[in-house]
Number of protein chains: 2
Amino acid sequence: MQQSGLKAPARIPSDPIQRAWVALGRVSQSVQCEVESALKDAGLPELSWYTVLWELERAGTPTRPKDLAIPLFILPYQLSRLVDRMEKDGLVKRIACKEDKRGHLLEPTAKGFALRKAMWAVYAPAMEEALKRINDKEALELARLLNKLGGIEHVDCGDKG
Amino acid sequence: MQQSGLKAPARIPSDPIQRAWVALGRVSQSVQCEVESALKDAGLPELSWYTVLWELERAGTPTRPKDLAIPLFILPYQLSRLVDRMEKDGLVKRIACKEDKRGHLLEPTAKGFALRKAMWAVYAPAMEEALKRINDKEALELARLLNKLGGIEHVDCGDKG
DNA sequence: CCCTGATTGTTGCATGCGCAACCAAAACTC
DNA sequence: GAGTTTTGGTTGCGCATGCAACAATCAGGG
C-alpha cells in the first residue's frame with residue numbers, strides 16, 4: 001500500500017532549510033544591530049534615514065515617494081512619516097509636483113547631503129567590522145545564495161569612495 | 001614615498017562585502033515578512049511568541065526569564081512585556097521562584113502548548129515556501145557562511161514532527 | 001548585622017509603528 | 001463631462017518599543 005507521494009507537499013522543512021532559516025534570522029539581526037549601534041553611538045540617525053538620502057542622491061533628481069517606496073521595501077505610510085521627521089530636521093524638502101498634484105517631489109537639502117556623507121563615514125567601517133569574519137570570496141558566495149533565495153537583483157548600497 | 005599600508009584599516013568595504021550586506025538586509029527582511037504574514041493571515045500571533053513557547057517547551061521545565069533572554073537575543077524589558085501579553089492571553093504563567101525571590105519561573109499553559117503546535121502547522125510550510133528557491137545543499141552552505149559570519153553556534157528552530 | 005554593589009526584572013514616558021479610514025487628484029467609462 | 005475606479009499620499013488611534021530610572025533581592029565584605 002504505497003502512498004502516492006504527490007499528495008503531501010513536504011510540510012516540514014528539511015533540517016538544512018531549518019538551519020538556514022535560523023542562521024538567517026539570528027545573523028541578520030546581529031549584524032544589523034551592530035551597525036545601527038555604531039550609528040547611534042556616533043549620535044547619528046538610523047540606517048533608514050541613510051537609505052532615503054542615498055536613494056535621493058543616487059537618483060540625482062527630485063523623486064516621487066512612490067518611486068522610492070518600492071526599492072526601499074517600505075510602505076507608503078512608513079515613508080510618509082519618515083519624510084515628516086527628516087523634513088522637520090531639515091534634511092529633505094517636499095517640493096510641488098506639477099505633473100501630478102496629488103504628490104510631490106523629494107529633494108535632499110545641503111544638510112541632507114552632508115549628513116549622508118557623515119553617516120557613511122561611520123556606516124562603512126561598521127559594515128566592514130560586522131562582516132569581517134568572512135573574506136571577499138565567501139561574501140560573494142553568500143550574496144549569490146541570498147539573492148537566489150530571495151530572487152532579488154543587485155543594488156548598490158552606498159558611497160564607493 | 002611609499003605609504004606604510006599598516007595605518008589605513010580598509011575603511012571602505014569591498015564590493016563583495018557590500019553586496020553581501022545589501023543581500024543580507026533585503027532577503028532576511030523579505031523572508032521574515034513572508035512568514036510573519038502567513039501567521040497573521042492565519043490569525044496567529046507573531047514569531048516571537050512562538051519562539052518563547054518553543055524555548056519553554058524545549059527546556060521541559062519552568063525557566064527563568066534571564067535564561068530565556070540570552071538565547072532569544074532579546075532584552076530583559078522586551079521579554080518582560082512580551083510575557084505580560086502572553087500571560088494576559090493565558091499562554092504562559094509566572095510562578096514563584098523559591099530560590100530567588102527577585103524573579104520567577106515561566107511555564108507554558110495547556111493553551112500555550114496548543115498554540116505553539118497550531119503555529120508550527122503554519123510556520124513550517126511558510127518557512128518551506130519562503131526558502132523554496134534554494135535546495136538542501138545550498139541551504140547548508142548558506143547556513144555555514146552565515147554562522148561563520150556571525151560566529152554563532154547551531155540551535156534548533158522548532159518542532160521536528 | 002549593616003553597607004555596598006551587582007543582578008533580576010519592571011515601569012513611565014516619549015516616540016514609533018501598523019492598520020484602516022481617509023482625502024485629493026488622476027484615469028478610465030459611458 | 002458626470003460618475004466611478006484607481007492611484008498617491010496622509011492621518012487618527014491604539015498598541016509596541018527604547019530608554020532610562022526604578023524597586024527588590026541577592027552576594028560579599030567589614
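To find a chain, count down the sequence lines: A is the first, B the second, and so on, and within it residues start at 1.
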Please report the C-alpha distance between B/Trp21 and A/Tyr123 in whole Å, then the side-chain angles of each, then the deciding distance to 0.1 Å, and finally whether the side-chain hydrogen bond (donor to acceptor under 3.5 Å, both in side chains) criterion is met.
CA-CA 11 Å; B/Trp21 167 259; A/Tyr123 181 17; 2.6 Å; yes
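- Of the inter-residue distances, the one linking B/Ser14 atom OG with B/Arg19 atom CZ reads 10.0 Å to the nearest 0.5 angstrom.
- Annotation: side chain to side chain contact (heavy atoms under 4.5 Å, CB included) contacts of A/Gln29 (sequence neighbours excluded): B/Phe73.
- Atoms CG and CD1, on A/Leu24 and A/Ile17 in that order, are 11.0 Å from each other to the nearest 0.5 Å.
- Here C/dG9 presents its C1' atom at 10 Å from CG of B/Leu79, a figure rounded to the nearest Å.
- Taking a heavy-atom distance under 4.0 Å as the criterion, the stretch of DNA chain D touched by chain A extends 5' to 3' from D/dT7 to D/dC19.
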Below 3.5 Å between N/O atoms, which protein atoms pair up with nucleotides 14-20 of chain C? Just atom names and distances, please.
{"residue": "C/dC17", "atom": "OP2", "partner": "A/Arg85", "partner atom": "NH2", "Å": "2.6"}
{"residue": "C/dG18", "atom": "OP1", "partner": "A/Gln78", "partner atom": "NE2", "Å": "3.1"}
{"residue": "C/dG18", "atom": "OP2", "partner": "A/Tyr77", "partner atom": "OH", "Å": "3.4"}
{"residue": "C/dG18", "atom": "OP2", "partner": "A/Gln78", "partner atom": "NE2", "Å": "2.4"}
{"residue": "C/dG18", "atom": "O5'", "partner": "A/Tyr77", "partner atom": "OH", "Å": "3.3"}
{"residue": "C/dG18", "atom": "O6", "partner": "A/Arg81", "partner atom": "NH1", "Å": "2.9"}
{"residue": "C/dC19", "atom": "OP1", "partner": "B/Lys40", "partner atom": "NZ", "Å": "2.5"}

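- To the nearest 0.5 Å, the span separating CD on B/Glu138 from CG on B/Leu131 amounts to 11.5 Å.
- The residue B/Pro76 sits close to a base: some heavy atom pair falls under 4.0 Å.
- Interface residues of residues 87-106 of chain B facing DNA chain C, ordered by number: B/Arg94, B/Arg102, B/Gly103, B/His104; criterion, heavy-atom separation under 4.0 Å.
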Name the atoms and distances for all side-chain donor-acceptor pairs under 3.5 Å in residues 92-100 of chain B, with sequence neighbours left out.
{"residue": "B/Arg94", "atom": "NE", "partner": "B/Glu87", "partner atom": "OE1", "Å": "3.0"}
{"residue": "B/Arg94", "atom": "NH2", "partner": "B/Asp84", "partner atom": "OD1", "Å": "2.1"}
{"residue": "B/Asp100", "atom": "OD1", "partner": "B/Arg102", "partner atom": "N", "Å": "3.0"}
{"residue": "B/Asp100", "atom": "OD1", "partner": "B/Arg102", "partner atom": "NE", "Å": "3.0"}
{"residue": "B/Asp100", "atom": "OD2", "partner": "B/Arg64", "partner atom": "NH2", "Å": "3.3"}
{"residue": "B/Asp100", "atom": "OD2", "partner": "B/Arg102", "partner atom": "NE", "Å": "3.4"}
{"residue": "B/Asp100", "atom": "OD2", "partner": "B/Arg102", "partner atom": "NH2", "Å": "2.7"}

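- Residue pairs meeting the salt bridge (charged side-chain N to carboxylate O under 4.0 Å, His left out) criterion with at least one member in residues 36-45 of chain A, sequence neighbours excluded, do not occur.
- You'll find the side chain of A/Leu53 stays beyond 4.5 Å of the side chain of A/Phe113, heavy atoms only.
- Taken to the nearest 0.5 Å, the CZ atom of B/Arg116 stands 10.0 Å off from the CE atom of B/Met119.
- Between B/Ile74 atom CD1 and B/Leu68 atom CG the span is 8.5 Å, to the nearest 0.5 Å.
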